[in-house]
Amino acid sequence: MKMECAIAGKLSSTSSYLVNTRRNGMKRTKLMANHNMFYSSKSMISLPILAHTNPSLKVVTEKLGCPADFGFGELVWPTPGDEIPFWKNKFPSRYASLEAPAEIEKDSNLMHIIHITAEMAPIAKVGGLGDVVTGLARACLSRGHTVDIMLPFYECIQKQEISDLALITTYNSYHDGNWVATNAYHGVVSSIPVIFIEPSNQFFKGKNVYGGSYNELEAYLFFSRACLEWMQVTGVQPDIIHVHEWQIGALPLLYWDMYQSLSLKKPRIVLTIHNMEHYGECRQEQLSKCGLDGSIYASVEKAIDDRTIGHNPERLSLLKGGIVYSNAVVTVSPTYLKETLCSGWLASVLITHRDKYFGILNGIDTVIWNPATDAFLPAKFHAQKPEGKKICKYYIQKGLGLKSEGTVPLVVCITRLVAQKGLHLITHTIKRAEELGGQMILLGNSPVHWVQKDFEDLANLHNKGTSTRILLMYSEELSHMLYAAADIVLVPSIYEPCGLAQMIGMRYGAVPVVRKTGGLADTVFDMDDPSNHEKANGFVFEGIDEGSLNWALDRAFRHFIGSKFCLH
Ligand code: ADP
């Protein structure tokens, strides 16, 4: 099977601190004439929002000693008391880089790839899965491949974020003895073609991507079959069906054991595992609801969860089934590949299928994550014009009521608050950053009630001062601003298949402090490690104790204060 091109589109990781946006002399002159916001002197900071763009904001016009005329009228800094939170502001895009993207070489063996996924950024994103699917689709498109994404039409998707939305097919797909009327829509999201699958039952209804009041496992079983059924009905036969995570793990079984004997012959199946912690536990009779005979898969060679053998009932794992039945299996970093071959209950099936198992490092979507053009930033910046970064930091400090000082290191941590992410190390850093005279902002959310409650208590304790903010919510806009404001981005995970926060942080000029595990070990190299001098880009620790974290964080602070990496 021609695997190379299917996976060749995975993005390369970003190892430099800021995007290098080289442009020719003529273009540069034009850009500067139009966008006279960048001042190199500390005493000249431009004020980023036009008052008339958001009249509800209090006009404070702190001028910081800068010249009065910036060429774009009255300007406003946010305050914590603003009626509309500052991250909801719309910023003029006039500072955006006008640079055309660099010419990307086209692949020679062009294919049609359909990604089938539970998440897609930015319209249905919960974590890195959504980011990676969008970034990977864009990378493959730019190399000349034909790419579509198939996504459940979640009720929570904001339709105004979809261009050219149109109903393309109405058909029936099977679930639990019935044929469910289903709509397929076509639309474009962030320049990527998407096919939305909308069943007429209760599946995918609710305020969020996950956690609706329907059976999630059965909904994704339905979705997996509905995607193949759509291909069957329309005659669309891509070269590659690229499925992601446990949610789509039953599709390879359905493909080989059902749809191959119908009309689908051409596609080959690639499964990407973004996080092996979620393995899609499924009872035989649940699998049978998608029309397969669940009992056929209850063997060690197929889909049984080995740990449940001899239990009553024994359970299946959709992820394991997906591994066995896919033509190729990819995970998201070389180190995570090694880790998963050595530990965890899925190691034995991965070893059995070692020849088709690849570890390919994720990258970030450099269109969505670009500080030179990012619509969420009050000031844009890039490697040749880094001054906008300090405006972003000042803006965030003002908006959150932190002490506004450029010389104080600002640590940012943006994460799902789950055990994997090193919760005790995150809470420790809140304390440690303060002890070291720095600031810390945590943006996170937990699906676990007691974890959320613990962090609410911490927020009540710390948010009154001027050095810490714990923000318990999900906000795409605020996350962009925080990466832009950060001096240090913290990722202290206990395990991390790849991790995107450290790469996004680097793209936005923040230095990562990370634990050496999974993809963090593949993307961050310690500044003080002489064997890695060429690649050095952050601070790395190994232990899971607070002392180990201190060792890395303290060094990061020392480097910052010694102006080794700060931008002022
Ligand atoms: P995971 O997929 O395990 O959550 P990753 O580091 O691979 O971790 O990706 C996390 C993505 O989700 C990043 O884009 C990060 O910025 C984003 N993210 C996590 N928590 C939040 C939040 N509370 N608000 C906004 N974005 C978040």
Side-chain angles (χ1 to χ4, degrees), residues 10-11 13-14 85 87-88 117-136 190 208-210 244-247 272-278 331-333 335-336 360-371 374 376-377 396 412-423 426 441-448 451-452 455-456 459 469-486 489-508 510 512-515 517-524:
K10 286 204 91 169
L11 301 137
S13 69
T14 312
W87 54 91
K88 298 283 177 202
T117 171
E119 290 186 35
M120 178 198 181
I123 54 166
K125 167 179 161 181
V126 176
L129 168 63
D131 281 317
V132 172
V133 168
T134 302
L136 182 52
S190 187
N208 299 303
V209 169
Y210 301 129
H244 296 267
E245 294 290 64
W246 71 266
Q247 288 97 335
T272 290
I273 306 174
H274 298 255
N275 190 338
M276 232 159 284
E277 189 185 52
H278 312 290
T331 197
V332 291
S333 70
T335 297
Y336 192 58
I360 303 176
L361 194 60
N362 273 343
I364 54 171
D365 184 333
T366 51
V367 170
I368 287 183
W369 297 107
N370 183 355
D374 193 326
F376 298 128
L377 303 190
I396 283 285
V412 162
C413 180
I414 302 174
T415 185
R416 290 181 299 119
L417 292 169
V418 291
Q420 170 202 339
K421 301 295 181 180
L423 297 177
I426 294 172
I441 304 172
L442 167 65
L443 173 63
N445 225 355
S446 185
V448 184
V451 174
Q452 186 81 359
F455 276 90
E456 275 164 18
R469 288 295 173 268
I470 298 169
L471 308 168
L472 298 175
M473 60 179 168
Y474 183 92
S475 167
E476 189 68 17
E477 301 94 329
L478 186 54
S479 76
H480 283 243
M481 278 190 190
L482 290 178
Y483 286 119
V489 68
L490 174 75
V491 193
S493 305
I494 304 304
Y495 79 90
E496 192 60 76
C498 180
L500 298 178
Q502 79 282 10
M503 290 193 263
I504 301 169
M506 287 191 269
R507 174 87 162 152
Y508 282 65
V513 170
V514 307
R515 207 179 144 259
T517 179
L520 299 172
D522 294 331
T523 52
V524 183

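In each ligand, atom 1 is the first atom listed, and ligand 1 is the first ligand listed. Quick note: residue numbers are just sequence positions, from 1.
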Q: Compare K125, R416, Q420 and give the one whose heavy atom is closest to atom 17 (C) of ligand 1.
A: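 Looking at heavy atoms only, the winner is K125.
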Q: How far is atom 18 (N) of ligand 1 from its nearest protein heavy atom, and which residue and atom is that?
A: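 In this structure, atom 18 (N) of ligand 1 has I414 CG2, 3.8 Å as its nearest protein heavy atom.
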Q: Can you tell which part of K421 has a heavy atom less than 4.0 Å from ligand 1: side chain, backbone, both or neither?
A: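 For K421, the contact with ligand 1 is made by the side chain alone.
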Q: Taking only heavy atoms of D131 into account, list the atoms of ligand 1 that are under 4.0 Å away from them.
A: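 Once the distances to D131 are compared, the set is 11 (C), 13 (C), 14 (O).
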Q: So is there a nitrogen or oxygen of G128 less than 3.5 Å from a nitrogen or oxygen in ligand 1?
A: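 Yes: some nitrogen or oxygen of G128 is under 3.5 Å from one in ligand 1.
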Q: Which atoms of ligand 1 have any heavy atom of M473 under 4.0 Å away?
A: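 Ligand 1 atoms under the 4.0 Å threshold to M473: 22 (C), 23 (N).
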Q: Among protein heavy atoms, which sits nearest to atom 22 (C) of ligand 1, and what does the distance come to when rounded to 0.1 Å?
A: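 Ranked first by proximity to atom 22 (C) of ligand 1 is Y474 CD1, 3.4 Å.
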Q: Identify the residue among T517, T335, N362 that makes a side chain to side chain donor-acceptor pair (under 3.5 Å) with D522.
A: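 Only one option passes, and that is T335.
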Q: Under 4.0 Å from a heavy atom of Y483: which atoms of ligand 1 are those, numbered in the order shown and with their elements?
A: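 Once the distances to Y483 are compared, the set is 15 (C), 16 (O).
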Q: Are Y474 and K125 close enough that some pair of their side-chain heavy atoms sits under 4.5 Å apart?
A: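 Result yes, sub-4.5 Å side-chain heavy-atom pair found.
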Q: With nothing but distance in play, are any N or O atoms of N275 less than 3.5 Å from an N or O of ligand 1?
A: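 N275 vs ligand 1: no N/O contact under 3.5 Å.
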Q: Using a strict cut-off of 4.0 Å, indicate which atoms of ligand 1 neighbour a heavy atom of I504.
A: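 In order of number, 14 (O).
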Q: What distance do D131 atom CG and I368 atom CD1 have between them, rounded to the nearest 0.5 Å?
A: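 Separation between the atoms: 7.0 Å.
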Q: Going by heavy atoms, is V418 under 4.0 Å from ligand 1?
A: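 The answer is no: ligand 1 sits nowhere under 4.0 Å from a heavy atom of V418.
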Q: What I want to check is whether the side chains of S475 and E477 have a donor and an acceptor closer together than 3.5 Å.
A: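 Distance-only check passes for S475 and E477.
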Q: Tell me, do T331 and T272 make a side-chain contact under 4.5 Å, heavy atoms counted?
A: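 No - every pair of side-chain heavy atoms lies 4.5 Å or more apart.
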Q: Should I273 and W246 be marked as a side chain to side chain contact (heavy atoms under 4.5 Å, CB included) after you check the CA-CA gap, both sets of side-chain angles, and the distance that decides it?
A: CA-CA 8 Å; I273 306 174; W246 71 266; over 6 Å; no
Q: Out of R515, Q502, K421, which one pairs with E496 under the side chain to side chain donor-acceptor pair (under 3.5 Å) rule?
A: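 By the side chain to side chain donor-acceptor pair (under 3.5 Å) criterion, E496 pairs with just one of R515, Q502, K421: K421.
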Q: Under 3.5 Å between any N/O of L500 and any N/O of ligand 1: does that happen in this structure?
A: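 N/O-N/O distance below 3.5 Å exists for this pair.
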Q: Take N275 and E245, measure what side chain to side chain donor-acceptor pair (under 3.5 Å) needs, and give me the verdict at the end.
A: CA-CA 7 Å; N275 190 338; E245 294 290 64; 5.9 Å; no
Q: Any N or O on S475 sitting closer than 3.5 Å to an N or O of ligand 1?
A: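 Such a contact does occur with ligand 1.
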Q: Any idea which protein heavy atom is nearest atom 20 (N) of ligand 1, and the distance to it?
A: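 I find the closest protein heavy atom is T415 C, 3.4 Å.
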Q: So, for W87 and H480, is the gap between ring centers shorter than 6.0 Å?
A: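 Between H480 and W87, which both carry aromatic rings, the centre distance is not below 6.0 Å.
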Q: To the nearest 0.5 Å, tell me how far L478 CG sits from I414 CD1.
A: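 L478 atom CG to I414 atom CD1 measures 7.0 Å (nearest 0.5 Å).
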Q: Using heavy atoms and a 4.0 Å limit, tell me yes or no: is C498 in contact with ligand 1?
A: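 Contact absent.
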Q: Counting each atom of ligand 1 from 1 as listed, which ones have a heavy atom of A501 under 4.0 Å away?
A: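 Those of ligand 1 that fall under 4.0 Å from A501 are 6 (O).
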